[in-house]
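Reviewing the structure listed below.
The structure displayed is predicted, hence computed values, not measured ones. Numbers restart at 1 for each chain; the letters A, B, ... are given by sequence-line order, proteins then strands.
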Amino acid sequence: MAKYFAIIIDEKRFAAIKGTSLEEKIEPIFGGALKRLVIEVPDELGQKTIEQFSKARFDARGFIEETPAAFKRLVFKKIVELKSLSPEVLEKALEELPSIKEEIEKEDRELPVPDVDISDILELQRNPVQKPTQ
Amino acid sequence: MQDIRIKDLPPPHGGKLVERVVRDPQMAWKLMEKCSAVYDIKPTLHYKTGAPIRNVYREIMSVCYGFFSPVEGSMTKAELESVLDRRRLLSGWVFPYPILFDISEEDFKKLGVGPGDWLLLRLKGEPFAILEIEEVYEIDPFDVATRTFGTPEKNPEVVKVPFDDKHTGYVIYKSFNKIILAGKYTIINEPKIRPPFDRFWYPPKKAREEFKRRGWTTVIAHQTRNVPHTGHEALMKMAAYIGDIKPCDGIVVNAIIGAKRIGDFPDEAIVEAHEMLHLAGYIKPERHMVTFTLWDMRYGNPIESLLHAVIRQNMGISWHMFGRDHAALGEYYDIYATQILWSKGIPSFGFDAPPYAVPGGFYIRPQNIAEFWYCPKCKEFAYSENCNHKGIYSRYSGSFIRGLLNEGLTPPPEIYRPEVYKVVVKWWKEFGYPFNNEKYLREREERLEVDLPHMDMPEHLKKKIS
């Protein structure tokens with residue numbers, strides 16, 4: 001059974017593939033709220049990929065998920081270089097895995113906190129409906 | 001004409017709620033005087049990595065506060081075999097998992113206890129509970145792990161591949177010490193639940209009192225180990241349309257709180273994100289309650305669903321939502337294994353019929369739900385058995401959403417309510433990381449979910465410590 005590896009296409013990534021044949025392959029998801037490119041890979045390559053990362057797994061949709069963000073960046077780099085969504089992209093990225101080892105290790109320890117104003121939810125939490133009763 | 005309205009909460013599993021919590025200090029003192037040894041509870045460490053993966057204190061809490069009724073303590077050898085062979089206690093009531101107090105050979109020798117002795121268990125340096133030792137025996141942790149979850153050969157209906165070390169629950173049992181002290185637990189020093197969990201602490205007796213106070217007789221449970229995405233929210237709302245002459249009075253979220261796998265969300269974010277659904281007005285708080293149970297999740301899909309039924313029926317809940325991949329991890333089980341169990345049974349696990357239709361089974365009824373997805377054409381979080389817009393709808397995936405966060409992307413409102421995402425960010429700021437990582441799990445294991453009030457001990461036990 002085939003497995004899938006998806007790369008979310010944000011503005012920066014879109015700029016890198018705009019005007020190429022890859023642009024046509026972008027799929028909208030969640031009503032266009034997100035966009036992605038999908039690589040279809042044989043089961044064996046999917047298995048090999050998840051074995052490289054402790055948290056990685058196939059989800060219920062058959063997608064390879066919870067790989068490090070650094071690996072996704074590397075896969076996207078390979079997509080741009082090869083101008084392709086073939087399994088070869090993933091194979092090449094796996095070959096270069098040692099080059100991002102430190103980035104991956106760092107990712108397990110820290111991820112930058114998004115700059116988001118959360119004052120509205122803190123206000124809501126100030127008077128919770130459920131209160132401690134012990 | 002027959003009145004079809006449901007007027008009472010279902011009875012506890014086993015007929016009577018277990019409550020083994022002593023609140024009278026004098027009684028606690030008397031019980032401690034009968035103890036001959038003291039043992040400081042230690043976390044179960046991963047047999048390879050040494051990371052904390054379970055703490056038996058959570059099981060003691062769940063037993064003594066009645067979540068696991070009719071179980072009253074650590075299982076005897078005969079009870080363990082009965083549970084592993086046919087998922088039944090010796091009394092005949094359905095129960096899925098071994099509940100065991102395991103101890104290392106070295107600690108056992110140091111304690112010098114045996115059947116008939118009482119053991120004082122300390123937590124965070126304070127007296128916590130008593131174990132009345134009835135039996136001491138040995139297990140083969142690998143055998144217990146394998147038989148707990150099943151194998152493709154013995155359970156071909158639902159087990160697809162053999163369990164391995166990537167499965168958190170399997171590793172928990174595999175990491176058990178070999179020596180088991182069996183016997184009843186009694187909490188003698190009631191712990192204080194720490195914030196933010198304290199406002200979600202509803203042990204079965206208290207949950208039933210709260211349901212009665214709210215006038216609820218029809219309640220549906222939502223199992224969670226996750227921050228709710230809009231698909232979860234749709235599931236809760238739609239599943240709750242079941243009831244008697246009107247939809248359910250109450251939707252109860254019961255989060256499983258304990259050591260979990262690396263990469264899951266911190267429990268603090270899970271309970272508060274669910275609470276945010278009513279604080280931000282997506283479900284009225286009059287109809288929605290967030291609660292939790294202490295348990296180091298085993299990710300046992302159909303097996304775990306049986307424990308969920310035990311817990312939630314004991315809380316007074318009449319229906320239970322079961323979705324695809326219920327309490328699952330990886331591809332070990334069929335993604336609909338829980339629904340197979342709750343629609344026709346799994347004979348190899350001891351169920352020739354669904355668990356509500358077997359002797360010793362449940363009053364709680366399943367609400368087997370296929371899947372919700374986001375469909376821009378339906379313009380709703382659509383039920384998969386309704387929406388036929390293939391190629392247009394998008395399926396949810398918790399792993400996918402965690403991947404978005406990992407990449408620093410904000411999940412759109414089609415996936416997370418903005419307020420729910422902000423709860424994730426709140427705890428991300430607090431812990432410096434959005435998910436469970438080794439640092440979080442280590443610190444969490446020291447902190448636990450409770451604090452123990454100071455309690456003095458009889459002199460003969462103090463001497464045992466020194």
Side-chain angles (χ1 to χ4, degrees), chain A residues 1 5-10 13 27-34 36 47 50-51 53-73 76 107-134, chain B residues 166 190 192-193 195-196 198-201 206 261-263 272 275-276 278-280 285 289-290 324-325 328-331 335 371 374-376 379 394-395 397-400 402-415 419 421-423 425-426 428-429 432-435 437-439:
Chain A
M1 212 175 88
F5 191 94
I7 294 286
I8 296 293
I9 303 301
D10 58 9
R13 285 177 181 165
E27 299 174 5
I29 53 172
F30 289 94
L34 294 169
R36 72 180 179 195
Q47 190 63 38
I50 65 163
E51 281 168 8
F53 312 104
S54 59
K55 284 181 287 186
R57 51 188 284 219
F58 301 123
D59 72 4
R61 307 167 306 160
F63 278 71
I64 300 162
E65 290 292 355
E66 301 198 53
T67 57
F71 182 64
K72 288 178 185 161
R73 289 194 291 271
F76 182 71
E107 224 177 278
D108 279 341
R109 294 188 305 271
E110 53 185 83
L111 284 170
V113 182
D115 183 18
V116 176
D117 176 13
I118 61 166
S119 56
D120 56 339
I121 64 130
L122 296 179
E123 187 59 34
L124 286 171
Q125 288 182 328
R126 219 158 268 152
N127 190 21
V129 178
Q130 290 182 225
K131 296 190 167 60
T133 56
Q134 234 190 350
Chain B
K166 272 206 155 191
E190 194 174 16
K192 291 284 285 179
I193 308 290
D198 51 357
R199 60 185 189 270
F200 309 114
W201 178 238
K206 197 167 121 189
R261 72 180 197 108
I262 283 176
E272 284 202 345
E275 178 194 41
M276 192 48 67
H278 69 232
L279 291 182
M289 251 178 87
V290 182
R324 76 168 151 83
D325 258 334
L329 176 64
E331 294 186 316
I335 61 168
E371 191 175 349
Y374 179 73
C375 177
K379 288 192 169 30
S394 296
R395 295 175 70 190
S397 156
S399 320
F400 164 70
R402 286 190 287 271
L404 287 181
L405 298 175
N406 218 28
E407 286 201 83
L409 301 167
T410 302
E414 287 81 357
I415 293 178
E419 297 90 342
Y421 172 61
K422 287 179 184 180
V423 171
V425 174
K426 173 188 165 180
W428 190 338
K429 284 181 176 172
Y433 204 73
F435 314 115
N437 59 8
E438 279 179 22
K439 180 174 173 278

Among [options], which has the most heavy-atom pairs under 4.5 Å with chain A?
| options | value |
| --- | --- |
| B/Phe400, B/Trp201, B/Phe200, B/Tyr374 | B/Phe400 |
| B/Lys429, B/Glu419, B/Arg324 | B/Lys429 |
| B/Leu404, B/Val290, B/Leu409 | B/Val290 |

Chain B heavy atoms under 4.5 Å from [X]: which part of the residue, side chain, backbone, both or neither?
| X | answer |
| --- | --- |
| A/Leu34 | side chain |
| A/Phe63 | neither |
| A/Arg109 | backbone |
| A/Arg61 | both |
| A/Gln125 | both |
| A/Ala70 | neither |
| A/Lys72 | side chain |
| A/Pro112 | backbone |

Output, in order, the C-alpha distance, side-chain angles, deciding distance and verdict of salt bridge (charged side-chain N to carboxylate O under 4.0 Å, His left out) for B/Glu272 and B/Arg199. CA-CA 10 Å; B/Glu272 284 202 345; B/Arg199 60 185 189 270; 3.1 Å; yes

Go through the atoms of [X] and report whether side chain, backbone, both or neither lie under 4.5 Å from a heavy atom of chain A.
| X | value |
| --- | --- |
| B/Glu190 | side chain |
| B/Glu331 | side chain |
| B/Tyr421 | side chain |
| B/Lys439 | neither |
| B/Tyr433 | side chain |

Tightest non-hydrogen contact, residues B/Glu275 and A/Pro128, listed as OE2-CB, 3.5 Å

On a heavy-atom basis, the closest approach of A/Ala56 and A/Thr67 is CB-CG2, 4.0 Å

The side-chain contact (heavy atoms from CB on, under 4.5 Å) partners of B/Asp325 (sequence neighbours excluded) come to A/Ala60, B/Asn301, B/Ala328, B/Ile335

**Prompt:** Does a donor on one side chain sit under 3.5 Å from an acceptor on the other, for B/Ser397 and A/Asp59?
**Reply:** yes

Problem - Exam field: side chain B/Glu371 to backbone B/Arg395, donor-acceptor pair closer than 3.5 Å - result: no

If you tally heavy-atom pairs under 4.5 Å between each of A/Arg13, A/Arg73, A/Glu27 and chain B, the highest tally belongs to A/Arg13

In terms of heavy-atom pairs under 4.5 Å with chain B, the winner among A/Ile8, A/Ile50, A/Ile29, A/Asp108 is A/Asp108

**Item:** Stepwise side-chain contact (heavy atoms from CB on, under 4.5 Å) test for A/Val116 and B/Trp428
**Value:** CA-CA 11 Å; A/Val116 176; B/Trp428 190 338; over 6 Å; no

Could you check B/Met276 against B/Lys422 for side-chain contact (heavy atoms from CB on, under 4.5 Å), going step by step and ending with a plain yes or no?
-> CA-CA 10 Å; B/Met276 192 48 67; B/Lys422 287 179 184 180; over 6 Å; no

- Does a sphere of radius 6.0 Å around NZ in B/Lys379 hold more than 12 heavy atoms from other residues, nucleotides or ligands, not counting ones at 6.0 Å or beyond? no

*How are the rings of A/Phe53 and A/Phe71 set relative to one another: parallel (under 30°), tilted (30 to 60°) or perpendicular (over 60°)?*
tilted

Exercise for the section: Walk me through it: do A/Lys55 and A/Glu107 pass the test salt bridge (charged side-chain N to carboxylate O under 4.0 Å, His left out)? Expected result: CA-CA 12 Å; A/Lys55 284 181 287 186; A/Glu107 224 177 278; over 6 Å; no

